[in-house]
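All ligand and atom numbering here is 1-based and tracks the order in the structure.
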Amino acid sequence: MHLIFLGSPGSGKSTQAKRLAQKLHLLHISTGDILRDAIKNQTSLGLLAKTFIDIGELVPDDIMLRLIKEELTRERKGFIFDGFPRTLAQAEGLEKIISDLGINISRVINLAVPDELIIERLASRRICRNCGQEYNLITRPPKVNSICERCGSEVYQRPDDDPDVIKNRLAVYHQKTRPIEDFYRTRGLLTEINGSGNFDEVFDSISEVVAG
Ligand code: AMP
């Protein structure tokens, strides 16, 4: 099975994708996580990516397509793409890469959440610096302030979750990523799911669609 999760930043797609990947034994490929790891390890990719991520802009398409091609050539298991593709050029590039590898996309899940809710969610989102566990200061704060309950490391706010950067990320999403919805809709692959409900409800809806 080869799935793509679309949705704005803060739509909950990463948390849902991780859980579904675990349930279905699929590889979870998050380009945001790959780029953040590269930044942490100060690789040349990381140094370059940071200049875009910090201001809420997208990393250039040719870099992202090269990165995905490497991932897919190495790994032949089923996958869930989380945060990729993010532009029409990436969607078209991906089509070429997977057709060369004999892979078909099984379904594209689009998690729809209104912008007002996204801004609220992202401004209160906190993440463990070490294991990536997500918290929310309003709905799920860590039991001890700023300490991860899973691994004891520091819980922090992503620099790109700053309110000004969030506004830009949403603008970029509407301008560059939303056109992908039509790309997959015309191929009969897109299913839209309301991502505003609670985590378990949304997960059940996704699981139903994927079970087909
Ligand atoms: P995410 O964790 O998916 O919200 O990604 C964080 C940031 O990484 C985004 O705001 C972009 O700057 C960058 N990024 C992640 N995936 C992509 C992609 N497919 N294309 C371009 N930039 C990306």
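- By the neighbour-count criterion of 12 heavy atoms within 6.0 Å, atom CD of Glu154 is densely surrounded, having more than that number from other residues, nucleotides or ligands.
- Each of Arg107, Glu208, Arg185 was evaluated against Thr191; a single residue qualifies, Arg107, per the side chain to side chain donor-acceptor pair (under 3.5 Å) test.
- Asp200 pairs by the side-chain hydrogen bond (donor to acceptor under 3.5 Å, both in side chains) definition with Arg19, not counting sequence neighbours.
- Enumerated by chain and number, the residues approaching ligand 1 to less than 4.0 Å through a heavy atom are Thr31, Gly32, Leu35, Arg36, Ile53, Glu57, Leu58, Val59, Met64, Gly83, Phe84, Arg86, Gln90, Arg158, Asp160, Arg169.
- A side-chain hydrogen bond (donor to acceptor under 3.5 Å, both in side chains) check over residues 43-58, counting only residues at least two apart or in different chains, returns the pairs Lys50-Asp54, Glu57-Asn168.
- Because its NZ or CZ atom is not both nearer than 6.0 Å to the ring centre of Tyr135 and within 45° of the ring axis, Arg140 does not count as a cation-pi partner of that residue.
- Screening residues 22-39 for salt bridge (Lys or Arg N to Asp or Glu O under 4.0 Å), with sequence neighbours left out, gives Asp33-Arg36.
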